[in-house]
Amino acid sequence: MRTIANAPSTLPQANDPCWCGSGRKYKRCHRKVEGRVLPGAISPMRPVPEHIERPPYAETGEVVPWDEPRVKSPDVIERMRHAGKVAAEILRLAGEAVRPGLTTDELDQYVHDLYIERGAYPSPLNYHGYPKSVCTSVNEVICHGIPDSRALQDGDIVNLDVTGFIGGVHGDTNATFFVGEVDPVSHELVRVTEECMWHGIEAVKPGRPISDIGAAIEQHAKQHRYGVVRAFIGHGIGQQFHTDIQVFHYYDSRASTIMRPGMTFTIEPMITLGSWQHRMWDDDWTAVTTDGKRTAQYEHTILVTDDGAEVLTGGEGAVSPSAPWDR
Ligand code: MF3
Ligand code: CO
Ligand code: CO
């Protein structure tokens with residue numbers, strides 16, 4: 001994060017002349033960058049020791065999809081329970097390390113080592129060429145922020161998205177954390193985003209269409225006048241990081257796939273204070289809101305059971321162990 005050295009403490013209205021003396025309207029001048037997250041320097045890719053089992057894309061960065069069953073075998077499910085637990089623990093530890101002054105690159109180093117200590121490969125690393133082991137998305141960054149030299153600032157919110165590959169399967173989970181003292185508007189956004197995820201999880205029922213999930217999420221977000229990001233969606237997961245199942249976070253009648261016991265997918269709503277549309281940074285990964293307003297996200301990996309959902313990245317020790325209204 002960077003700020004501008006000689007910016008005044010009270011900012012002009014949108015159509016006032018810019019404080020910098022350019023003679024241009026504030027909205028056409030410094031408003032575009034003030035308070036926004038700016039890219040920092042990205043350090044070299046971190047190595048993973050030889051003894052750790054790698055997913056097929058680890059060496060080349062190329063992802064070659066294959067036809068993976070949507071309904072998992074009991075053996076795959078058991079391994080996904082373990083991968084989910086490992087990812088959940090790493091996410092909790094990473095969140096506990098968040099503090100003002102820490103760079104997201106330092107956070108990446110810490111998280112990278114946590115995966116390796118547990119015998120897991122950091123799934124993001126070299127996935128379609130992604131250069132780091134965790135995604136760190138600050139303030140208006142919707143998702144896929146790349147850890148870099150920027151220090152976290154008091155008042156920021158940061159989403160950490162942890163995915164680990166262990167036992168031949170992936171576990172994928174994320175949560176949004178507060179950096180120091182955070183304003184009440186952001187607190188509310190983060191709280192409601194977590195609630196949105198749980199409303200989505202509670203809509204998981206065998207025999208029902210997958211569109212029920214998005215309908216539940218969208219309804220809750222709308223009640224709070226928040227936006228729902230549409231461009232990034234939940235996904236099938238298992239031996240591959242992303243499989244063909246699509247989980248929209250808003251209602252779409254075309255999401256007619258019927259949920260079946262043994263299916264595994266993620267639910268990962270991104271909720272915004274303002275615009276739900278995104279713009280991409282030049283790095284082609286970092287997605288930010290078009291208006292620069294804040295956005296939050298939570299994610300769990302879910303197994304459809306005979307009567308509902310099992311949260312493979314939830315339970316004791318998880319950042320979001322169960323629905324807030326059940327605890
Ligand atoms: N973990 C993200 C998800 O929830 C995907 C990150 S892909 C990466 O789907 F390449 F950016 F790591
Ligand atoms: Co994720
Ligand atoms: Co995911």
Side-chain angles (χ1 to χ4, degrees), residues 70-72 77 80-89 91-92 95 143 159-163 169-177 189-224 226 228-230 232-238 241-243 245-252 255-271 295-327:
R70 286 180 164 187
V71 172
K72 308 304 182 197
I77 290 171
M80 287 187 72
R81 284 196 179 101
H82 181 62
K85 268 209 175 5
V86 169
E89 190 202 9
L91 178 63
R92 177 173 52 79
C143 61
N159 178 276
L160 303 180
D161 193 340
V162 167
T163 313
V169 296
H170 299 266
D172 188 6
T173 182
N174 77 47
T176 303
F177 300 93
L189 171 70
V190 171
R191 181 179 66 77
V192 173
T193 302
E194 185 187 1
E195 289 173 0
C196 280
M197 174 186 68
W198 283 105
H199 280 289
I201 292 170
E202 296 206 328
V204 174
K205 291 272 179 293
R208 295 290 309 169
I210 213 160
S211 60
D212 279 8
I213 297 170
I217 292 168
E218 183 176 27
Q219 189 198 336
H220 192 62
K222 275 200 172 145
Q223 257 172 32
H224 292 268
Y226 292 145
V228 177
V229 172
R230 300 171 86 92
F232 302 93
I233 62 180
H235 51 91
I237 182 168
F241 197 165
H242 297 99
T243 66
I245 297 177
Q246 300 190 323
V247 183
F248 300 116
H249 302 117
Y250 52 92
Y251 176 71
D252 188 325
S256 58
T257 300
I258 301 298
M259 293 183 265
R260 302 280 176 215
M263 281 184 175
T264 51
F265 50 78
T266 71
I267 300 179
E268 48 181 304
M270 286 140 276
I271 305 297
T295 169
Q297 184 180 21
Y298 274 81
E299 174 176 27
H300 272 313
T301 297
I302 302 300
L303 165 71
V304 182
T305 63
D306 291 332
D307 57 358
E310 180 180 331
V311 184
L312 299 179
T313 47
E316 215 194 318
V319 175
S320 183
S322 56
W325 45 86
D326 288 338
R327 35 190 214 250

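All residue numbers refer to positions in the sequence shown, counting from 1.
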Residue pairs, two or more places apart or on separate chains, that pass salt bridge (Lys or Arg N to Asp or Glu O under 4.0 Å) and touch residues 196-205: none
Contacts of Arg70 meeting side-chain contact (heavy atoms from CB on, under 4.5 Å) (sequence neighbours excluded), chain-then-number -> Asp244, Ile245, Thr257, Met263
Does a side-chain heavy-atom distance below 4.5 Å link Ile267 with Phe265? yes
Testing the basics here: between Ala203 and Met259, what is the closest heavy-atom pair and its distance to 0.1 Å? O-CE, 3.6 Å
Hey, what's the ring geometry for His300 with Trp198, parallel, tilted or perpendicular (30° and 60° as the breaks)? perpendicular
Any donor-acceptor pair under 3.5 Å from Thr176 side chain to Gln297 backbone: yes
So do the side chains of Asp172 and Asp161 get within less than 4.5 Å of each other, counting heavy atoms only? yes
Relative to each other, are the rings of His224 and Tyr226 parallel, tilted or perpendicular (30° and 60° limits)? parallel
Just jot down the ring-ring contact (aromatic ring centres under 6.0 Å, His included) partners of His249, sequence neighbours excluded, or say none. none
Would you check if the side chain of His235 reaches a backbone N or O of Phe241 as a donor-acceptor pair within less than 3.5 Å? yes
Using ring-ring contact (aromatic ring centres under 6.0 Å, His included) as the criterion, list what pairs up with Phe232, not counting sequence neighbours. His144, His278
Between Gly238 and Lys72, what is the shortest heavy-atom contact and its length? CA-CE, 4.1 Å
Nearest-0.5 Å distance, NE2 of residue His170 to OG1 of residue Thr243: 10.0 Å
State, yes or no, whether a side-chain contact exists between Asn159 and Met270 at a heavy-atom distance under 4.5 Å. no
According to side-chain contact (heavy atoms from CB on, under 4.5 Å), who are the partners of Pro206, at least two apart in sequence or on a separate chain? Pro261, Val304
Partner set under salt bridge (Lys or Arg N to Asp or Glu O under 4.0 Å) for Arg191, not counting sequence neighbours: Glu188, Glu195
Shortest non-hydrogen separation from Thr193 to Ile271 and the atoms involved: OG1-CB, 3.4 Å
Least distance between heavy atoms, Gly171 atom then Ala87 atom: O-CB, 3.5 Å
Sequence neighbours excluded, every pair satisfying salt bridge (Lys or Arg N to Asp or Glu O under 4.0 Å) that has a member inside residues 299-322: Arg81-Glu310
With sequence neighbours left out, write down each residue that passes side-chain contact (heavy atoms from CB on, under 4.5 Å) with Ala215, or none if nothing qualifies. Tyr251
Minimum heavy-atom distance Cys196-Ile217, with the two atoms named: O-CG1, 3.3 Å
State, to 0.1 Å, how close His199 and Ala216 come at their nearest heavy-atom pair, and which atoms those are. O-CB, 3.7 Å
When rounded to the nearest 0.5 Å, the distance separating CD1 of Ile233 from CD1 of Ile213 is 11.5 Å
If a pair satisfies salt bridge (Lys or Arg N to Asp or Glu O under 4.0 Å) and one of its residues is in residues 207-224, list it, with sequence neighbours excluded. Arg208-Asp212, Glu218-Lys222
Side-chain heavy-atom pair Val247, Ile302 within 4.5 angstrom cut-off: no
Answer yes or no: is there a donor N or O on one side and an acceptor on the other, between the side chain of Thr301 and the main chain of Thr313, under 3.5 Å? no
Identify, with sequence neighbours excluded, every residue that meets ring-ring contact (aromatic ring centres under 6.0 Å, His included) alongside His82. none
So, using side-chain contact (heavy atoms from CB on, under 4.5 Å) as the criterion, who are the partners of Gln219 when residues are at least two apart? Gln223
Has Thr266 got a side-chain atom pairing as donor or acceptor with Gly234's backbone, closer than 3.5 angstrom? no
Hits for ring-ring contact (aromatic ring centres under 6.0 Å, His included) against Phe177, two or more places apart or cross-chain, chain-then-number order -> none
